[in-house]
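Computation of the quantities below employed the complete heavy-atom set of this structure, encompassing side-chain atoms and omitting hydrogens, waters and symmetry-equivalent molecules. Labels below follow one simple rule: chain letters A, B, ... track the order of the sequence lines, proteins then strands, and each chain is numbered from 1. What you see is a predicted model; the values in this text were computed from it and never measured.
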Amino acid sequence: MSWLANLSKTYDDHANVVGQFEMKKNGKEYALIPISHTTQTAHIEVHLNGRGDIVNAYVVDKNDGSTIIPCTEASASRTSAPVPYPLFDKLSYVAGDYTQFCGEAKGTPYQDYLNQLKAWCESPFSHPKVQSVLHYVSKGTLITDLVERGILHVDSRGKLLEKWVAAPGDQEGKKPDIFNVIASDQSGAFVRFAVDIPGEPESRLWRDASVQQSFIQFYEMSLQDKDICFVTGDYLPVADKHASRIRHSGDKSKLISANDSSGFTYRGRFRTSRDAATVSYEASQKGHNALKWLIDKQGTTMDGKVFLVWGSSRLDMPEPQEDSFIFWDDADDEAALAGGDRTHKEFALQIRKAINGYRYDGDYQSSHEVTIMTLDAATPGRMSIMYYRTLDQNIYLDRIQAWHESCYWLHRYRKNKYDKLVSFIGAPATKDIAFAAYGPRASDKVVKGLMERMLPCIIDERPIPLDIIRSSIHRASNPVGMDNWEWEKTLSITCALVRKDHQQDHKKEGYGVSLDTEATDRSYLFGRMLAIADVLERSALSKDEKRATNAIRYMNAFAQRPGRTWTIIQSNLQPYQAKMGTGARYYNSLLDEVGAKLRLEDYTDKPLTGLYLLGFYSQRNDLYTSKKDKEAAAALNHNDENENQMNEQGDN
Amino acid sequence: MRNQIEFEVSGKYALFTDPLTKLGGEKFSYQIPTYQALKGIVESIYWKPTLIWIIDEVRIMNPIQTESKGMRPIEYSGGNTLAYYTYLRDVRYQVKAHFIFNPHREDLIHDQNEHKHHNIAKRAVQVGGRRDIFLGTRECQGYVEHCQFGEDESFYDRIGELDFGTMLHGISYPDETGSNEREVRLWKAKMQHGVIRFIRPDECTLIRKAGEGTAKIFGSENMQSVDDLHSEWFDNEVNK
């Protein structure tokens, strides 16, 4: 389905939540807005009775200001020219006595507002509560009433105060509420109405579904211009202007814009944008409102680029850019995560269990699709769909599962809810891959670019681009250049990438986190030797001597010229071996064992492949895991506390 | 069939611009080729004013994937601007098409030799088309090869039905309709097991007008018969 039809269908599928506000984690409210409506922040709330008399008025609390207001096409995209919203608007539109308090306004906003409201009330779709509002605003006493009730404040000349200045002798004087909620002066206050009718449960007009319906019908009637809609294929009223503010409230860019009559976008074959394409008002409104809602609800934004994934049968889906950590239930799986049971089988089982929670096992007849969409704007005015893909839900989940099960390693940079570092096995987040490849100071632009490039690797199981892997290997081979925690993070992420790449190349299960003592790969063996040298020297040093070992210092050179550098590392190892005496025996014999596996012709200066990092990591991990723990793991018992190899890790 | 050709067209990228995104200029491709785009490809393989090509079916071989690129299109008003174009990547389509004779070209009735045109068209497919092939837009080069429609495995073989909703079918030009109006045709596209069966242009019910134009006239001023050309070239050689 085309993107707009798909979004429009999502709107229809969730028609039951239209107009209902939900709360985001950060306390911000969002809602699926009805068609012909938009949201604005209201500052003043006026309560009327059924006869259209003012009963009460309040200043609206900042957190409660979000208001769904009816709007026309013209008012939705109004700029400096005064075009009134149909029901709620700023004082300059709704107050008949505006000029008396604030001076002349541009155009005739009040009259325009009144005419528009009258037309609504005289139409067959009029609503009694809206009539009460009309009755009240036609009196033209709004500001006078608000001043009387102490909501608005006037100066000595009877004009509205521009800003609050506490009286000289009155330092204790409290700043009136209105100045706390409004940034500009009082004349810019936005007013919303409530009509209290005994027996009616909903007095707030902006939450009253019947008022919303009444306006939708009235506005639909006024749309006369019909044409064939490119989305639905029906003959319907056409939208000339399309929604902006899609990514956030300050966003001016549009997905469909039609004012590019001077560019070469459609000119040539077509003269006007109308010739090129038409979209019905309904499809445009529904599609855009659904998109805004989805972005608010579950979009991920990175430097203006929005990553969005949603399912047709179930909205929330595991997102491709997330790491496996989100699948671990940190409360009860702590032991399993950090424990010695690191078999791939167990880990894969966990992932499968978590992903199966998303699978739909209802009727197989209807299609359950997942849509992946990425939006970004190259220039401020126009927005582009950078990536769009619809997939069968089960295929999508299979792909996500395959990603997490193939691009995994043991990581230790995530914190649990107690703010404690925990280790987890799994795939890294695409954002963290970007930091591994380009460093922590990579610009957001670079990071979002990589995040988009990784999408096909996950969703289409494409190989990871070589430049990303190479750059990560290069950074992971240079531990001296960064803090310890950062290097450990880079190393474990690079290991995940190298593992995935190696597996893809050889079409079989690759190296795991646990040490593969049978491996004869040259790079892997060299990596193991480097790890042994590192651990040997580290254990010869005293606890508070935190300096880098020779192995770590020479790591970069070692990766380039292993043969020659190993001679240097080994000669530097001599004093430590001597210092440890018999304590070094185990390491020495291990070095001999690994060295014996190296064939003579492999002992050269040919640069090492990324596999040496796997050998390094696994060997080091193995050495730091106590014998007891290993035995326990072998017996498939869950055990804990064998993470001491990273106890020097800094804070993330 | 006596007037049908089958071929496979593939390319690294394709851009069958969704008209909605054409207005602003951030072009975004439809998921599948339009009738008009395929017709253009067939006409690049072989075409004469005598013929009208009808596209019967297209089979989508590769999974539908998109990739975006930053573009610097030239602005009509001068300078250039930055835009993101979103392309389909790694596309491969099998196409079945046939030709009919243009009923509005009475002056070319003598050329309506089905056997001749069919053979020329088949030869043109074998050599990858007479003119260069592009997939939707000029920057997306395509390559044509002969194939048996339905051979090989398609990614969508096992997927029963995929609904693409309303999309552009093509544009009716005066030289093929006989009327002086240019029309945009829409249709509802459906894919079954990877195959989209197009309806014929005259079966489209969703039609909107999009300007006017006249058919180009071909006559003795801008056309030359093969026999004349032959004598022009080779008579001279003989005379040398």
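- In this structure, the portion of B/Asp90 lying under 4.5 Å from any heavy atom of chain A is its side chain and not its backbone.
- Both the backbone and the side chain of A/Val231 have a heavy atom closer than 4.5 Å to some heavy atom of chain B.
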- Take B/Arg208 and A/Thr278 through the test side chain to side chain contact (heavy atoms under 4.5 Å, CB included) and record every step on the way to the result. CA-CA 10 Å; B/Arg208 0 183 3 251; A/Thr278 50; 3.4 Å; yes
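- Across all their heavy atoms, A/Arg382 and B/Ala83 have their closest contact at NH2-CB, 3.8 Å.
- Across A/Phe230 and B/Leu20, no two heavy atoms sit closer than the pair CB-CD2, 4.1 Å.
- For A/Ala276, the parts sitting under 4.5 Å from any heavy atom of chain B are the backbone and the side chain alike.
- Of the possible donor and acceptor atoms, one in the side chain of B/Lys188 sits under 3.5 Å from a partner among the backbone N and O of A/Thr232.
- Among all heavy-atom pairs drawn from A/Ile228 and B/Ile207, the shortest one is CD1-O, 3.4 Å.
- In this structure, the side chains of A/Leu255 and B/Phe28 stay at 4.5 Å or more apart for every pair of heavy atoms.
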- Show your reasoning for whether side chain to side chain contact (heavy atoms under 4.5 Å, CB included) applies to B/Thr21 and A/Ile256. CA-CA 6 Å; B/Thr21 60; A/Ile256 308 175; over 6 Å; no
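- Interface remark: B/Ile32 contributes no atoms to any contact with chain A (heavy atom separation under 4.5 Å).
- The greatest number of non-hydrogen atom pairs below 4.5 Å with chain B, out of A/Ala5, A/Ala378, A/Gly233, A/Gly381, is found for A/Ala378.
- Counting heavy-atom neighbours within 6.0 Å of A/Lys431 NZ, excluding the residue itself, gives a total of 12 or less.
- Residues of residues 453-465 of chain A having a heavy atom under 4.5 Å from any heavy atom of chain B, listed by number: A/Asp460, A/Arg462.
- Between the side chain of B/Thr86 and the backbone N or O of A/Ile385, at least one donor-acceptor pair lies under 3.5 Å.
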- Message: Using the rule given for side chain to side chain contact (heavy atoms under 4.5 Å, CB included), can you reason through A/Glu369 versus B/Leu162, listing the C-alpha separation, both sets of side-chain angles and the distance that settles it, and then say yes or no?
- Response: CA-CA 11 Å; A/Glu369 281 187 335; B/Leu162 260 186; 3.6 Å; yes
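- With respect to chain A, the highest number of heavy-atom pairs below 4.5 Å among B/Thr205, B/Leu186, B/Val184, B/Ile74 belongs to B/Leu186.
- With chain B as partner, the option from A/Thr379, A/Asp392, A/Asn6 having the largest number of non-hydrogen pairs under 4.5 angstrom is A/Thr379.
- Separation of atoms CG (A/Asp275) and CZ (B/Arg182) is listed at 8.0 Å; rounding is to 0.5 Å.
- The contact between A/Tyr387 and chain B is made by backbone and side chain atoms together, counting heavy-atom distances below 4.5 Å.
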- Message: Between B/Ser68 and A/Glu452, does the side chain to side chain contact (heavy atoms under 4.5 Å, CB included) criterion hold? Intermediate values first, please.
- Response: CA-CA 9 Å; B/Ser68 60; A/Glu452 200 198 342; 3.1 Å; yes
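- Dense packing is recorded around CZ of B/Arg72, with more than 12 heavy atoms of other residues, nucleotides or ligands lying under 6.0 Å away.
- Of the atoms belonging to A/Asp376, heavy atoms from both backbone and side chain fall under 4.5 Å from chain B.
- The closest donor-acceptor contact from the side chain of A/Arg389 to the backbone of B/Thr66 lies at 3.5 Å or more, if one exists at all.
- Taking each heavy atom of A/Arg269 and B/Ile171 in turn, the nearest pair found is NH1-CD1, 3.2 Å.
- Atoms CE and CD, from A/Met386 and B/Glu26 in turn, are 9.0 Å apart once rounded to the nearest 0.5 Å.
- Contact annotation for B/Asp18: only side-chain heavy atoms (C-beta onward) come within less than 4.5 Å of a heavy atom of chain A.
- When heavy atoms are compared at a cutoff of 4.5 Å, B/Thr81 approaches chain A solely by way of its side chain, counted from C-beta outward.
- A donor and an acceptor atom, one from each side chain of A/Ser2 and B/Gln31, are nowhere located under 3.5 Å apart.
- One N or O on the side chain of A/Ser384 and one on the backbone of B/Tyr84 form a donor-acceptor pair closer than 3.5 Å.
- For B/Lys69, no part sits under 4.5 Å from any heavy atom of chain A, backbone or side chain.
- Ranking B/Thr17, B/Leu82, B/Asp163, B/Leu23 against chain A, the residue ahead of the rest is B/Leu23, based on heavy-atom pairs under 4.5 Å.
- In this structure, the portions of B/Leu206 lying under 4.5 Å from any heavy atom of chain A include both its backbone and its side chain.
- Heavy-atom pairs under 4.5 Å with chain B peak, among A/Val279, A/Asp234, A/Asp227, at A/Asp227.
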